[in-house]
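Report on the following structure.
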Amino acid sequence: MPEQQPYEPERAIAGTGMGGQMDLGASEAVTLEKTPGPDGPEGSGPQDKPRSLWSDAWHDLRRNPVFIISALVILFLIVISIWPSLIASGSPLKCDLAKAQEGSQSGHPFGFNGQGCDVYTRTVYGARTSVAVGVLATLGVAVLGSVLGGLAGFFGGAGDAVLSRITDVFFAIPVVLGGLVLLSVITSNTVWPVIGFIVLLGWPQISRIARGSVITAKQNDYVQAARALGASNSRLLLRHIAPNAIAPVIVVATIALGTYISLEATLSFLGVGLKPPSVSWGIDISAAAPYVRNAPHALLWPSGALAVTVLAFIMLGDAVRDALDPKLR
């Protein structure tokens, strides 16, 4: 039998990983067990920091080609909405009947519509109206729906029951029919009546999402612990529940933004949304529809711009949903 070595406290036995053992000094064993990170002792390196849901989502989004493409398209639309003169030097209201329905020419790549207006210039300036309506309506819907739904889900009781019945009533109203009834009696030629109508009929969807998310979040252990420690209702809502319940609202609102843009174009096409001399893709599509056989280009370009815009926002919403949904990881 091999001679047994006497026990020495300063020595340690470490496995080699290959079935054997290695006799190490205590200082060497500590060195193997606790390897300092690049920035200091163990656990102090940046790679050891736990990432939050938002940092994980941003990490995934940066590597998602769908998000990158849709974000670039939306960024381009926002830029030309703010500064359309960067790529269109003419006026969208300048028309020449002598050139009505003419095709592409030098300086006018999209041709002219039935009134002799430059289709390219009107398509560029039409992005301003569509993006403005979509963004402002989405903000209004998200804020109103989140506040009402969050409060109803947090406090419950009679207020929650009343809000649920109110949302049921709004869900029963056909959107297009409601727009025809409500907007037909408004003579304003600005975007605000359309935005107000979308907010009026759009908040119940966000309210339902926010209510369910808050009900789920308030049952978590960290919320119960904060309540047991004496946290007020406002602190529970703003500090503990809202940051963990807002993700579904962001996803639904992002997808709905594209829907609101198409809704504005639909109402303008029917003549109850924006009206001339406002510049809108829906107005241009409506004006070009009777002449689609003689001048299809006047219908093609605003329709294509509308389709690309709606698709970009829907793709962005899908990418954000995949990044924020833990079940898809």
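Side chains are part of it too, since the values below use all heavy atoms of this structure and drop only hydrogens, waters and symmetry mates.
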Residues clustering with Val169 (ILVMFWY side chains joined when closer than 4.5 Å, directly or via others): none
Interatomic distance, Ile250 atom CD1 to Arg321 atom CZ [nearest 0.5 angstrom]: 15.0 Å
Validation: residues 137-149 side-chain donor-acceptor distances under 3.5 Å, sequence neighbours left out:
| from | atom 1 | to | atom 2 | distance (Å) |
| --- | --- | --- | --- | --- |
| Thr138 | OG1 | Gly134 | O | 2.6 |
| Ser146 | OG | Ala142 | O | 2.6 |

Side chain Asp160, main chain Gly157, donor-acceptor under 3.5 Å: no
Nearest-0.5 Å distance that lies between atom CG in Leu316 and atom CD1 in Ile74: 4.5 Å
Nearest-0.5 Å distance, CG of residue Leu300 to OG1 of residue Thr123: 9.5 Å
Summary of disulfide (SG to SG under 2.5 Å) pairs that have at least one residue in residues 184-278, sequence neighbours excluded: none
Within residues 144-187 or reaching into it, pairs that qualify as disulfide (SG to SG under 2.5 Å) - sequence neighbours excluded: none
Heavy-atom side-chain contact between Leu236 and Val223 under 4.5 Å: yes
Separation of Leu274 CG from Ser286 OG (nearest 0.5 Å): 12.0 Å
Other ILVMFWY residues reachable from Val66 by side-chain steps of under 4.5 Å: Leu311, Met315
Residue pairs involving residues 219-252 (criterion ring-ring contact (aromatic ring centres under 6.0 Å, His included); sequence neighbours excluded): none
Non-neighbouring partners of Gln115 that pass side chain to side chain contact (heavy atoms under 4.5 Å, CB included), sequence neighbours left out: Leu97, Asn113, Cys117
Salt bridge (Lys or Arg N to Asp or Glu O under 4.0 Å) contacts in which one or both residues fall within residues 106-128, not counting sequence neighbours: Arg122-Asp284
Crowding at NZ, Lys94 (>12 non-hydrogen neighbours, <6.0 Å): no
Where at least one partner belongs to residues 105-126, residue pairs that pass ring-ring contact (aromatic ring centres under 6.0 Å, His included), sequence neighbours excluded: His108-Phe112, Phe110-Tyr120, Phe110-Trp301
Of all pairs that satisfy disulfide (SG to SG under 2.5 Å), the ones with a partner from residues 184-298, not counting sequence neighbours: none
Sequence neighbours excluded - side chain to side chain donor-acceptor pair (under 3.5 Å) pairs with any residue from residues 253-269: Glu264-Ser268, Glu264-Ser280
Pair Asp168 + Arg208, salt bridge at N-O below 4.0 Å: yes
Pairs flagged by ring-ring contact (aromatic ring centres under 6.0 Å, His included) wherever residues 143-174 is involved - sequence neighbours left out: Phe170-Trp203
From Ser213 atom OG to Ile215 atom CD1, the distance as rounded to the nearest 0.5 Å: 9.5 Å
